[in-house]
Amino acid sequence: MTDLYEAQRAMRNMRKAALQRGVIAILDVGSSKIACLVLRFDGERFMGGDGVGALAGQSSFRVIGAATTRSRGVRFGEIEAMAETERAIRTAVQAAQKMAQTRVDHVIACFSGGSPRSYGIAGQVEVEYDTVSEQDVARVLASSDVPDYGNHRDVLHAQPVNFQLDHRSGLKDPRGQIGQNLAVDMHMLTVDTASIQNLLYCIKRCDLEVAGLASGAYVSGISALVEDEQELGAACIDMGGGATDVSIFMKKHMIYADSVRMGGDHVTSDIAMGLQIPLATAERIKTFYGGIVATGMDDREMIEVGSDCGDWEKDRRTVSRAELIGIIRPRVEEILEGVRERLDAAGFEHMPSQQIVLTGGASQIPGLDSLAPKILGQNVRIGRPLRVQGLPQAATGAAFASAVGLCLFAANPQDEWWDFEIPAERYPARSLKRAVRWFKDNW
Amino acid sequence: MRPIDPTEFAKGPTAGGSARVSEAVARALRARRGDAESAPQRPRDPAPSRAAYRMNRLWLTPSFRFFLRRIAPVAAVAACIGLWFAPQDNREAFMGQVMAIKAEVQNRPEFMVKLMAIDGASGELSEDIREVMAQDFPVSSFDLDLPGLLAQVESLDAVESAGIHVRAGGILQVDIVERTPAVVWRSDLGLEMLDAEGHRVAALESRLDRPDLPLIAGEGADRAVEEALAILANAGPLTPRLRGLVRVGERRWNIVLDRDQEILLPEIKPLGALAQVVALDQAKDLLGRDVATVDMRRPTRPTVRLTEAAQDELKRLRGVELGVSYR
């Protein structure tokens, strides 16, 4: 646990260094595409008076390079063939660097694999003096009972969601307030260590320094949910290529994240298997003619399947669009049912607001907005990521929700457990800070 | 049995062959030739190789770019020049070339100074100046050390101030303001002419060369020439009888008249004392009498010393008066 904190703190310092230098890269390693954005931070130039500038400080950066490449060696959001993935990352990074005309050394990456699992944990502690100090916050965080999540898993996010001081709950920042009993609720997200290690290794092989890691579910929620949805409570469903991420937001904090290991690629492979065609053709047919709701017109709309095996009968096959929809729809239903399951498991029906936002590349399939309400509930909308400055038109689609979210994450990161002070008891025995603290306490 | 030539079957569909057969035959032929073409073509890998990726990143590094585009060319040129200059021969050849070009430019007729013109100096002084400057003409104006020449000219005693410049037409113009001699000073070293400020002008062979100038003598007289001139100017009726001034003890003046008469002036306010003497002389014809010195060192009490004869005469007259004879 301490090791991981050290690693996370090191990443945080790296990010600070990168922000100081002003250029940082964003790497979204997905199963169907790898996107790399290069951000330039112009510092305080866009900031307003009290540190909050235009668009709540989200316009403090500018995208100066963007590149996408077809993902290779990634399945279900996890790296399967390291060398292939490394090449794909290299391709994307080099193209983005070329567009930005600058070199990037620091990268913030997100990925959606590694079977994320979220835990709500709580801690409670007596306040040392009258008012809550930073040390009290540190102690209450340290006192929270961490569940045994297995030693092959790592904590990716651990965010304090809620502070409670005596009988008052819902505090954002308890410091300086008067009270006796400080409690905290935290949301912790763990993922497989191996998948993180693989990703880190791939990035390291590309001569890049990792300045941060984020869960794909979290960052796509940041970008696709509008502010009041984040505040009032909403679920973001990022339908990617190999995995569908589910994240639930409440009071601007993520309180739950999970992923369904199915996505657009499964639809493609269903089509390929059902129509006996190569995957590339299936992908093309899916994006051109795909749909979910069949109408009478679709029976008459014939699609040339085509192939080049040399057999005339086989090469000249056609399918009606209704048949295609008949292949696509069950899989999409299956995915959405998986999502429903996750939401039920998270207790989404007890949330005050039942808003669900679908985003990600697979959410662009026509007719999803009529199917999704049947499975997920009435308040469903198809979300597109926030517009950020300098983003090319090609990268504004729903497929780039997590990349854009990562930009926002890089610009204003949320405080995580490791960003708070270390409780004094945990300092090394001979630390100067500990000595200073002893003097403070005794005089 | 005759071997079958597969190309026989490889006719186009129009010529009675089968497209699929010809395709197969072509593949077989390619395989026989040993072409790697027969392997299914792999899709092009868009990924850059590791080396290419690193080179690309290196090139995008601002400091490296700056080094390669700004510093490296300069360093390369500097290194080339440095290597060429390393052998002694090259250096000498280069310097020789430079000197040759320099000399060629400097010796162009436009820059040559052909003669020297001296203004404001008498004949003797201009001879002296020419001697001191010892400049051979024609000479390039680049080789003339004008400040040095000026210092040389100004080092001459007879020159009060000098200006020196190269005039158009290749003439070295020397403008001189000469010192005008005001007095002749007789000292241990001989006769010298001094100007009004006591600065030496020139030596004098004989007093007779400049009978128009007054004569001063004594040690330190040159430092009090101004006072001497004031005294001379105020001598008034004594001027025709004046032989000269003598500085005594480097502090006061004696006026020497003809008939070996002397007026001893005080150290302070000598002009007042002189005026007193002149007044006495005009009233009582003091200096016309047989007086050796008029001592004005204490202006309140002028003292007169008589000559030997006058003293005797005075004694005799007193004796007559008293009826006593000293003899």
Side-chain angles (χ1 to χ4, degrees), chain A residues 21-25 27 29 33-34 36 38 40 64-65 67-74 81-107 201-209 278-281 283 308-312 314-315, chain B residues 4 6-33 35-75:
Chain A
R21 194 185 285 184
V23 176
I24 198 166
L27 197 63
V29 182
K33 65 153 176 43
I34 288 179
C36 178
V38 179
R40 159 158 295 152
I64 54 170
T68 330
T69 184
R70 189 170 63 93
S71 180
R72 293 187 284 168
V74 183
M82 304 263 287
E84 286 287 295
T85 311
E86 183 203 323
R87 282 152 171 256
I89 291 176
R90 233 190 282 153
T91 316
V93 170
Q94 179 163 345
Q97 276 181 351
K98 188 176 177 186
M99 181 172 163
Q101 274 302 305
T102 181
R103 174 198 167 124
V104 281
D105 287 322
H106 300 91
V107 67
Y201 183 72
C202 276
I203 292 173
K204 202 178 153 209
R205 287 271 296 169
C206 295
D207 303 335
L208 298 167
E209 302 268 12
L279 274 175
T281 319
E283 178 74 29
D308 55 352
C309 64
D311 182 16
W312 195 87
K314 196 176 178 194
D315 287 354
Chain B
I4 300 166
T7 49
E8 243 174 67
F9 297 95
K11 292 173 186 162
T14 47
S18 156
R20 296 182 66 183
V21 168
S22 57
E23 174 74 15
V25 166
R27 210 179 297 143
L29 282 177
R30 278 206 296 271
R32 192 183 293 173
R33 277 206 303 275
D35 280 2
E37 198 68 26
S38 57
Q41 215 178 352
R42 295 185 52 178
R44 196 183 67 86
D45 187 356
S49 69
R50 249 174 106 73
Y53 174 76
R54 286 216 170 126
M55 286 311 294
N56 188 274
R57 280 170 64 77
L58 188 62
W59 179 238
L60 287 173
T61 310
S63 54
F64 180 77
R65 255 175 114 106
F66 179 79
F67 172 77
L68 219 58
R69 292 170 63 169
R70 296 284 146 79
I71 296 172
V74 172

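Labels below follow one simple rule: chain letters A, B, ... track the order of the sequence lines, proteins then strands, and each chain is numbered from 1. Just so it is clear, the values below take in all heavy atoms, side chains as well, and ignore hydrogens, waters and symmetry mates.
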Around atom CE of B:Met55, are there more than 12 heavy atoms of other residues, nucleotides or ligands at under 6.0 Å?
-> no
Hey, does the side chain of A:Arg90 reach the backbone of B:Ala47 with a donor-acceptor pair shorter than 3.5 angstrom?
-> no
Which atom pair, heavy atoms only, marks the closest approach of B:Arg57 to A:Cys206?
-> NE-O, 4.3 Å
Heavy-atom distances under 4.5 Å only: say whether B:Arg65 touches chain A with side chain, backbone, both or neither.
-> side chain
All heavy atoms of B:Pro46 vs all of A:Thr91, minimum pair found to be O-CG2, 3.8 Å
What is the distance from atom CG of B:Leu58 to atom CZ of A:Arg103, rounded to the nearest 0.5 Å?
-> 7.0 Å
Residues, nucleotides or ligands: over 12 heavy atoms within 6.0 Å of B:Arg50 CZ | yes
Kindly check if the number of other-residue, nucleotide or ligand heavy atoms within 6.0 Å of OH (A:Tyr201) is above 12?
-> no
Between A:Arg87, A:Arg72, A:Glu86, A:Gln94, which has the largest tally of heavy atom pairs under 4.5 Å with chain B?
-> A:Gln94
Scanning both residues in full, the closest heavy-atom pair of A:Thr102 with B:Leu60 reads O-CD1, 3.6 Å
Atom pair CH2 (B:Trp59) and CD (A:Gln97), whose distance is rounded to the nearest 0.5 Å | 14.0 Å
